[in-house]
Colleague: 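Just passing along the structure, written as structure tokens.
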Amino acid sequence: MPSAGDGQVVLVTGGVRGVGVGISRAFLAAGYVVITCARRQPDTPIVVGDREAEFLGCDVRSEEEVSDLVAHIMKRHGRLDAVVNNAGGSPFALAAEASGRFHRKIIELNLLAPLTVARAANEVMQQQLTGGSITMISSVSALRPSPGTAAYGAAKAGLDNLTTSLAVEWAPKVRVNGLNVGMVETEQSALHYGGEDGVAAVARTVPLGRLATPADVGACAVFLASPAAAYVSGAMLAVHGGGERPAFLEAATTNKTTDTDRATVDSERDRS
């Protein structure tokens, strides 16, 4: 039986590093023709089995370069079925200490660039009989305070609203959804959480007991682009392992449950 994405074409922005590689590999495994784009070419090709992702250089902040990118895809493949707006991110910088130019660049990359790519993709998808799907890679920073990356969190909050707005404007031909991604373990994790001990300590704050992998995010992105999500549009899917334990639970001096307490409860339940 053909894969869900057999022969379909997907563009993954920023699809050559970190979370982007996981997304690209997931779509390759699902049978898609995968085009990745970034400002710099990957050090090694992205390959799954006998399938290899194509790479095209593009600065997604440039309307001209994005227009040329989509035109090249259409000329080469004749279709564009899905887009995953993954390019984005921010270094740690306190809002009062970072420059205005820095904040503008962060908002440009994380909010305006996805809009630019989405508009170019929508233009061709509206002309296709089968329409298309656009997925925005957002963040839990859109849903909670984001100290140290305030402009990034604000941009992602804007991206969430953009997602739901475009889903209304571009229906029924084009579905638009998003992923609110939590903490992901990548080759850059040490920059955010410290070494192995830091990553392990952060992982313990997640209800599922670990950070996400790029493959976890990729699987969700493939789902949103697939026929299984044919009636899903304007949705924001949380990919965060259950979120974060409320801080007051750790600060409180009562109603604590230890491993010994849990074992006792389990034992009593088994005898009942």
Colleague: Measure the OG-CG distance between Ser138 and Leu143 for me, rounded to the nearest 0.5 Å.
Modeller: 7.0 Å
Colleague: Would a 4.5 Å heavy-atom cut-off, applied to side chains only, mark Leu166 and Ile134 as touching?
Modeller: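 They are not in side-chain contact.
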Colleague: Decide yes or no for Val33 and Val10: does some side-chain heavy atom of the first lie under 4.5 Å from some side-chain heavy atom of the second?
Modeller: no
Colleague: Please determine whether a side-chain nitrogen of the Lys or Arg among Glu185 and Arg210 lies less than 4.0 Å from a carboxylate oxygen of the Asp or Glu.
Modeller: no
Colleague: Begin from the C-alpha positions of Ser24 and Val16 and carry the test side-chain contact (heavy atoms from CB on, under 4.5 Å) through to its verdict.
Modeller: CA-CA 8 Å; Ser24 296; Val16 300; over 6 Å; no
Colleague: Return the CG to CG distance between Asp59 and Leu69, rounded to the nearest 0.5 Å.
Modeller: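 Interatomic distance, Asp59 CG to Leu69 CG, rounded to 0.5 Å: 11.0 Å.
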Colleague: Could you tell me whether Lys75 and Asp68 make a salt bridge, using a distance below 4.0 angstrom between a side-chain N and a carboxylate O?
Modeller: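 No, no charged N to carboxylate O under 4.0 Å.
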Colleague: Can you find a pair of side-chain heavy atoms, one from Val239 and one from Cys220, that are under 4.5 Å apart?
Modeller: yes
Colleague: Considering only heavy atoms from C-beta outward, does the side chain of Phe27 approach that of Gln8 to under 4.5 Å?
Modeller: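 No, too far: nothing below the 4.5 Å cut-off.
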Colleague: Backbone N or O of Phe102 within a donor-acceptor pair of the Ser99 side chain at under 3.5 Å?
Modeller: yes
Colleague: Ignoring hydrogens and geometry, is there a side-chain-to-backbone donor-acceptor pair from Thr135 to Val84 under 3.5 Å?
Modeller: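 The answer is no, because no donor-acceptor pair under 3.5 Å joins these two groups.
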Colleague: Please examine the side chains of Phe55 and Pro45, heavy atoms only from C-beta on, and report whether any two atoms are closer than 4.5 Å.
Modeller: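 Counting from C-beta outward, Pro45 and Phe55 never come under 4.5 Å.
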Colleague: With a 3.5 Å distance limit and no angle check, can you tell me whether Arg175 reaches the backbone of Ala229 through a side-chain donor-acceptor pair?
Modeller: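 At least one qualifying donor-acceptor pair exists.
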Colleague: Flag the pair Met183 / Thr205 as yes when at least one side-chain heavy-atom distance between them is below 4.5 Å, and no otherwise.
Modeller: yes
Colleague: Mind running salt bridge (charged side-chain N to carboxylate O under 4.0 Å, His left out) on Arg17 and Glu187 for me, showing each step along the way?
Modeller: CA-CA 9 Å; Arg17 293 176 182 82; Glu187 65 274 14; over 6 Å; no
Colleague: Look only at the side chain of Lys173 and the backbone of Gly132, and say whether a donor-acceptor pair between them is shorter than 3.5 Å.
Modeller: no
Colleague: Is the number of heavy atoms from other residues, nucleotides or ligands within 6.0 Å of CD (Glu63) greater than 12?
Modeller: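 No - once you tally the heavy atoms of other residues, nucleotides and ligands closer than 6.0 Å, there are 12 at most.
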Colleague: In Å, rounded to the nearest 0.5 Å, how long is the span from CG of Leu11 to CD1 of Ile73?
Modeller: 4.5 Å
Colleague: Would the distance check show the side chain of Ser141 and the main-chain N or O of Ser146 forming a donor-acceptor pair, the cut-off being under 3.5 Å?
Modeller: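 Flag not set: sc Ser141 to bb Ser146 has no pair under 3.5 Å.
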Colleague: Would a hydrophobic clustering, with Ile, Leu, Val, Met, Phe, Trp and Tyr connected at side-chain separations under 4.5 Å, put Met136 with Val19?
Modeller: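 No, Met136 does not connect to Val19 through the hydrophobic network.
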